[in-house]
Amino acid sequence: MSTLLNLDNVCFSYPHCQPILNNCNFSIGDQRIGLIGSNGSGKTTLLKILVGLLKPQQGRLFHQGSEVTSERDYRKLRKNLGFLFQNSNDQLFSPTVIEDIAFGPLNMGLTQDQARERSLQILKKLDILSLQDQITHRLSGGEKKLVALATVLVMNPRLLLLDEPTNNLDPETREKLTAILRDLEIARIIISHDWDFLTETTDELYSIEHGHLHQCKDGHVHVHQHVHEHGDKPHHHS
Ligand SMILES: Nc1ncnc2c1ncn2[C@@H]1O[C@H](COP(=O)(O)OP(=O)(O)OP(=O)(O)O)[C@@H](O)[C@H]1O
Ligand SMILES: [Mg+2]
């Protein structure tokens with residue numbers, strides 16, 4: 001396995017705040033990694049460092065073995081990455097869904113027809129073809145999440161960085177997304193608080209606690225039983 005990205009002793013803090021990341025070391029090639037940690041522990045911050053939206057104050061980021069320092073290095077790095085933002089409103093900016101999805105491919109130099117064709121394929125794959133002409137900012141939260149994912153997948157990235165992809169999704173859509181990600185042969189780092197989803201879509205787990213990033217190596221088997229006292233609608237838990 002060749003390493004795509006690695007972090008060497010990275011430290012990060014926001015101005016006038018306690019450190020968020022302390023001497024983090026990490027590397028990823030073609031693995032499927034889940035990332036957990038409590039709210040505010042620094043998960044999103046870590047992804048933003050990997051994609052170059054934030055720069056480490058100490059330590060180094062490497063892409064395919066070379067240190068990433070210049071804007072040119074970052075541009076090259078981003079071509080390999082597909083980053084799904086925690087908040088889809090940060091990701092969608094075109095008037096209609098199809099324009100949002102075709103934006104990246106057009107930017108890459110594809111013709112209008114090629115970009116449209118590729119965008120429609122992704123919409124079909126995610127089972128949201130019916131949204132193609134919708135006004136993006138009027139979509140529901142879950143619909144926005146799927147459209148944002150389409151803007152990422154249409155670029156054929158080598159590594160997916162997904163920040164809480166199942167947020168706002170109803171159980172059926174969550175299942176659909178789980179199946180899609182389970183079957184996609186793309187390396188990934190997925191942030192989620194949804195253990196069952198991570199079990200299906202990733203093979204390794206990392207956790208951030210008190211600024212430290214570490215791999216969780218041991219499995220933990222347990223069984224849940226619970227009752228919904230306020231509703232008798234039949235439903236499934238995955
Ligand atoms: N731009 C910023 N300026 C100052 N502090 C920030 C900024 N962005 C995030 N923080 C703080 O840094 C900490 C880590 O934020 P981050 O978004 O990385 O957490 P997270 O682990 O992704 O949390 P969540 O599970 O809630 O999404 C939080 O305490 C947050 O308030
Ligand atoms: Mg976050």
Side-chain angles (χ1 to χ4, degrees), residues 5-28 31-61 68 71 74 77-78 81-93 139-153 157 159-171 173-174 177-178 181 186-202 204-217 220 238:
L5 283 183
N6 60 291
L7 294 177
D8 174 38
N9 277 314
V10 162
C11 300
F12 184 86
S13 30
Y14 292 102
H16 318 296
C17 297
Q18 295 285 321
I20 302 288
L21 301 175
N22 262 318
N23 292 96
C24 287
N25 292 296
F26 176 74
S27 70
I28 182 162
Q31 300 105 302
R32 311 189 325 158
I33 290 176
L35 179 59
I36 58 168
S38 51
N39 293 132
S41 58
K43 303 178 299 297
T44 297
T45 303
L46 180 73
L47 286 204
K48 285 185 173 170
I49 288 174
L50 290 175
V51 83
L53 292 172
L54 295 170
K55 308 277 159 75
Q57 276 116 12
Q58 276 181 54
R60 297 178 298 172
L61 168 66
V68 183
E71 251 327 294
Y74 275 107
L77 162 82
R78 286 188 199 113
L81 307 183
F83 183 30
L84 182 78
F85 285 73
Q86 185 162 6
N87 181 352
S88 307
N89 289 326
D90 293 338
Q91 190 132 27
L92 303 172
F93 47 83
L139 297 175
S140 74
E143 288 168 339
K144 280 184 186 166
K145 193 60 111 184
L146 291 175
V147 171
L149 183 64
T151 68
V152 168
L153 292 180
L159 172 66
L160 290 170
L161 304 172
L162 308 182
D163 199 344
E164 305 203 18
T166 57
N167 273 10
N168 288 328
L169 300 186
D170 62 48
T173 312
R174 176 191 169 283
L177 181 67
T178 306
L181 290 173
I186 307 181
R188 71 214 42 191
I189 302 171
I190 304 182
I191 296 176
S192 182
H193 301 284
D194 182 340
W195 282 87
D196 291 333
F197 171 70
L198 286 182
T199 302
E200 294 263 7
T201 56
T202 63
E204 298 174 23
L205 196 64
Y206 281 71
S207 159
I208 301 183
E209 284 167 87
H210 310 297
H212 297 286
L213 176 67
H214 66 269
Q215 188 171 3
C216 316
K217 290 223 162 104
H220 178 68
S238 50

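Computation of the quantities below employed the complete heavy-atom set of this structure, encompassing side-chain atoms and omitting hydrogens, waters and symmetry-equivalent molecules. Counting starts at 1 for both ligands and their atoms, in listed order.
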Open item on the list: Quick check for you: to the nearest 0.5 Å, what is the distance between Cys24 atom SG and Asp8 atom CG?
Closed with: 11.0 Å

TODO: Verify the distance test for Gln86 against the Mg ion (ligand 2): any N/O/S atom under 2.8 Å, yes or no.
DONE: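 Given the 2.8 Å cut-off, Gln86 counts as a ligand of the Mg ion (ligand 2).
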
TODO: Could you tell me whether the Mg ion (ligand 2) has an N, O or S atom of Asn39 under 2.8 Å away?
DONE: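 So Asn39 does not count as coordinating the Mg ion (ligand 2).
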
TODO: Just do the side chain to side chain contact (heavy atoms under 4.5 Å, CB included) check on Ile36 and Trp195 with the steps written out, would you?
DONE: CA-CA 9 Å; Ile36 58 168; Trp195 282 87; 3.7 Å; yes

Open item on the list: Less than 3.5 Å apart, any donor N or O on the side chain of Thr44 or Gln86 sitting next to an acceptor on the other?
Closed with: yes

Task: Arg78 (side chain) donor-acceptor with Gly52 (main chain) under 3.5 angstrom - done: yes

Tell me: protein heavy atom nearest [atom], and distance?
atom	answer
atom 14 (C) of ligand 1	Gly40 O, 3.3 Å
atom 26 (O) of ligand 1	Asn39 ND2, 3.1 Å
atom 25 (O) of ligand 1	Lys43 NZ, 2.7 Å
atom 22 (O) of ligand 1	Thr44 OG1, 2.8 Å
atom 18 (O) of ligand 1	Thr45 OG1, 2.5 Å

Open item on the list: With respect to Gly42, determine whether any N or O atom, backbone or side chain, lies less than 3.5 Å from an N or O atom of ligand 1.
Closed with: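 There is such a contact, yes.
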
TODO: Would you please determine whether Lys48 falls within less than 4.0 Å of ligand 1 on a heavy-atom basis?
DONE: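 Not so, Lys48 does not reach ligand 1.
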
- [ ] Please state which part of Ile20 comes within less than 4.0 Å of ligand 1, counting heavy atoms only: side chain, backbone, both or neither.
- [x]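 Under 4.0 Å from ligand 1, Ile20 contributes side-chain atoms alone.
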
Task: Part of Pro15 within contact of ligand 1 (heavy atoms, under 4.0 Å) - done: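 Answer for Pro15: neither.
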
